[in-house]
Amino acid sequence: MGACGGENEAGSNGGNADDGKITMGFAQVGAESGWRTANTKSIQEAAAAAGIDLKFSDAQQKQENQIKAIRSYIAQKVDVIAFSPVVESGWDTVLKEAKDAKIPVILTDRAVDSKDTSLYKTFIGSDFVLEGKKAGEWLVKEYQGKTDTVNIVELQGTTGSAPANDRKAGFGDVIKADPKFKVIASQTGDFTRAKGKEVMEAFLKANPKIDVLYAHNDDMGLGAIEAIEAAGKKPGVDIKIITVDAVKDGMTALAAGKINFIVECSPLLGPQLMDLAKKVVKGETVEQRVLTEETTFTPEQAKAALPDRKY
Ligand code: AHR
């Protein structure tokens, strides 16, 4: 497993709430983006505020590390396990192990594709399909009344992850209604700035006419901006850019006109997660799906929102 909180090794004072304090094992995806950093901070701060003892692990974007972390939390008999699954599939076995050990599981941020929904108590996070649709709707409006082909390149998130699958699907669903929109290249940038830059460089070399970049997160969009500028083009003008997240760096680029539109995805899941954890540990029934509220931003809206942006 990746960087584990020092006190959080297997065999330390486990949970099942006998000392009255809830112990949560949280298996984080990694530290791939500004969004993830803000999400980790929100979870750690909310746990401290709620008096929950948090055991935290960073899987460095690897499913096997997350599975190891979850098994270690089961061995430690924590009261509740929460995790943000790096990819959608392949969780049934470990989730069944948690269920057999009578440890409730909460999914945060990303979904799993398990058919057996009794393997987890609830799922808190965004509607990624809707986020993709919002990106597509902005594009349709932007090119309303125009007939020329619009060449789009897409930087996908981590292959097999719920946000990559769903943001692609939602966007595709909206733009398919108009044949002038053509996705001429689509590749993963793994939600990182470095990979976003690298893949955009390749897109630019292979495609002389790119009108639009749709990046599944701000970080990949920001990496791509570096590649676009290095190629002597103006991001936001020569190539229109749509991203998802609305973290501070993304909003700053949006306010500067280098990004044209951002669909918000809120990382501030900590407080709601701790409330849900308290309820499931008490055995209370909770909603199977808790949706995060989100908006969208134009450059003007980004300028207005930036002074109060917390992440
Ligand atoms: O699962 C949420 C996504 O993961 C965010 O949009 C992205 O920035 C992060 O890496």
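In terms of modelled atom types and a separation under 3.5 Å, the side chain of Arg36 and the main chain of Gln28 share no donor-acceptor contact. For Asp109 (side chain) and Pro267 (main-chain N/O), no donor-acceptor pair under 3.5 Å exists by modelled atom type. Asp53 places no side-chain N or O within 3.5 Å of a backbone atom of Thr23 that could act as its donor or acceptor partner. No donor-acceptor distance shorter than 3.5 angstrom exists from the side chain of Thr122 to the backbone of Ile106, with no hydrogens or angles considered. For the pair Asn207 (side chain) and Phe203 (backbone), a donor-acceptor distance under 3.5 Å is present.
Looking at heavy atoms from C-beta onward, Val94 lies out of side-chain contact with Gln66 at the 4.5 angstrom threshold. Side-chain contact between Val105 and Leu119 is absent, with no heavy-atom pair separated by less than 4.5 Å. Under the 4.5 Å side-chain criterion, counting only non-hydrogen atoms from C-beta, Asp211 is not in contact with Phe181. You'll find the side chain of Met200 stays beyond 4.5 Å of the side chain of Glu226, heavy atoms only. The shortest side-chain heavy-atom distance between Glu198 and Lys195 falls under the 4.5 Å cut-off. Counting heavy atoms from C-beta on, the side chains of Ile74 and Ile81 come closer than 4.5 Å. The shortest distance between side-chain heavy atoms of Leu54 and Gln44 falls below 4.5 Å. A heavy-atom distance below 4.5 Å is found between the side chains of Tyr120 and Val112.
Note: Lys209 NZ to Asn151 CG = 4.5 Å, rounded to the nearest 0.5 Å. How far CG of Leu269 is from OG of Ser42: 6.0 Å, rounded to the nearest 0.5 Å. The distance from atom CE of Met220 to atom CG of Leu213, rounded to the nearest 0.5 Å, is 8.5 Å. The CG atom of Asp190 lies 8.5 Å from the OG atom of Ser161; values are rounded to the nearest 0.5 Å. Distance check, rounded to the nearest 0.5 Å: OH of Tyr214 to CZ of Phe261 gives 11.0 Å. Rounding to the nearest 0.5 angstrom, the gap separating the OG1 atom in Thr192 from the CD atom in Glu32 is 8.5 Å.
Using modelled atom types, one finds no donor on one side chain facing an acceptor on the other under 3.5 Å when comparing Glu97 with Thr93.
The 12-atom threshold is not exceeded at NZ of Lys310, counting heavy atoms of other residues, nucleotides or ligands nearer than 6.0 Å. No more than 12 heavy atoms of other residues, nucleotides or ligands shown are found within 6.0 angstrom of CD on Gln272. More than 12 heavy atoms of other residues, nucleotides or ligands sit less than 6.0 Å from atom CD of Glu142. A 6.0 Å sphere centred on NZ of Lys180 holds more than 12 heavy atoms belonging to other residues, nucleotides or ligands. Atom CD of Glu293 has 12 or fewer neighbouring heavy atoms from other residues, nucleotides or ligands inside a 6.0 Å radius. A 6.0 Å sphere centred on NZ of Lys133 holds no more than 12 heavy atoms belonging to other residues, nucleotides or ligands.
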Self-check item: Glu229/Lys258 under salt bridge (Lys or Arg N to Asp or Glu O under 4.0 Å): CA gap, chis, key distance, verdict
Solution: CA-CA 10 Å; Glu229 286 176 336; Lys258 293 187 179 193; 2.8 Å; yes

Practice problem: Starting from the C-alpha separation in whole Å, work towards a yes-or-no answer on salt bridge (Lys or Arg N to Asp or Glu O under 4.0 Å) for Lys146 and Asp178. | Solution: CA-CA 11 Å; Lys146 306 214 166 107; Asp178 188 337; over 6 Å; no

Self-check item: side-chain contact (heavy atoms from CB on, under 4.5 Å) between Lys168 and His216, worked out
Solution: CA-CA 8 Å; Lys168 182 174 179 51; His216 290 186; 3.9 Å; yes

Practice problem: For the pair Ile124 and Leu276, evaluate side-chain contact (heavy atoms from CB on, under 4.5 Å) and give the outcome as yes or no after the intermediate values. | Solution: CA-CA 9 Å; Ile124 172 178; Leu276 287 166; 4.1 Å; yes

Self-check item: Trace of the salt bridge (Lys or Arg N to Asp or Glu O under 4.0 Å) decision for Asp249 with Arg193
Solution: CA-CA 11 Å; Asp249 286 356; Arg193 215 175 273 214; 2.9 Å; yes

Quiz prompt | Evaluation steps, side chain to side chain donor-acceptor pair (under 3.5 Å), between Ser118 and Lys99 | solution = CA-CA 9 Å; Ser118 78; Lys99 192 178 172 186; 2.7 Å; yes

Practice problem: Show your reasoning for whether side-chain contact (heavy atoms from CB on, under 4.5 Å) applies to Ile262 and Gln301. | Solution: CA-CA 10 Å; Ile262 299 185; Gln301 290 165 329; over 6 Å; no

Practice problem: Would you sort out whether Leu306 and Lys248 count as a side-chain contact (heavy atoms from CB on, under 4.5 Å), showing the intermediate values? | Solution: CA-CA 7 Å; Leu306 259 172; Lys248 239 186 204 153; 4.1 Å; yes

Quiz item: Going through the distances and angles, do Gln156 and Ser186 end up as a side chain to side chain donor-acceptor pair (under 3.5 Å)?
Solution: CA-CA 7 Å; Gln156 296 181 39; Ser186 180; 2.7 Å; yes

Practice problem: Kindly determine whether Lys176 and Asp173 satisfy salt bridge (Lys or Arg N to Asp or Glu O under 4.0 Å), including the steps that lead there. | Solution: CA-CA 6 Å; Lys176 75 175 181 213; Asp173 260 9; 3.4 Å; yes

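Phe171 and Tyr143 end up in the same hydrophobic cluster when Ile, Leu, Val, Met, Phe, Trp and Tyr side chains are linked at under 4.5 Å. Cluster annotation: Val244 and Ile175 are assigned to the same hydrophobic cluster (Ile/Leu/Val/Met/Phe/Trp/Tyr, side-chain heavy-atom contacts under 4.5 Å, transitive). In the hydrophobic cluster analysis, where Ile, Leu, Val, Met, Phe, Trp and Tyr join through side-chain heavy atoms closer than 4.5 angstrom, Val86 is grouped apart from Phe191. The cluster map of Ile, Leu, Val, Met, Phe, Trp and Tyr, joined by side-chain heavy atoms under 4.5 Å apart, puts Val212 and Ile259 in different clusters. Val183 and Val153 sit in two unconnected hydrophobic clusters of ILVMFWY residues. Membership requires side-chain heavy atoms under 4.5 Å apart, directly or through other members.
Comment: Asp275 does not engage Lys279 in a salt bridge, judged by the lack of any side-chain N to carboxylate O separation of less than 4.0 angstrom. Salt-bridge check for Glu131 with Lys134: failed, with every basic side-chain N at 4.0 Å or more from each acidic carboxylate O.
Scanning both residues, Leu222 and Gly250, for their nearest heavy atoms gives CD1-N, 4.0 Å. Val29 approaches Ser84 most closely through the heavy-atom pair CG2-O, 3.0 Å. Here the closest heavy-atom approach between residue Arg167 and residue Cys265 is recorded as NH2-SG, 3.4 Å. Ala253 and Ile225 make their closest contact through CB-CD1, 4.3 Å (heavy atoms, listed as atom of the first residue, atom of the second, distance). Among all heavy-atom pairs drawn from Val80 and Ala277, the shortest one is CG1-CB, 4.2 Å. In terms of heavy atoms, Pro235 sits closest to Ile241 at CB-CD1, 3.8 Å.
Between Phe83 and the choices Trp91, Phe123, Tyr73, Phe26, the ring pair (Phe, Tyr, Trp, His ring centres under 6.0 Å) rule is met once, by Trp91.
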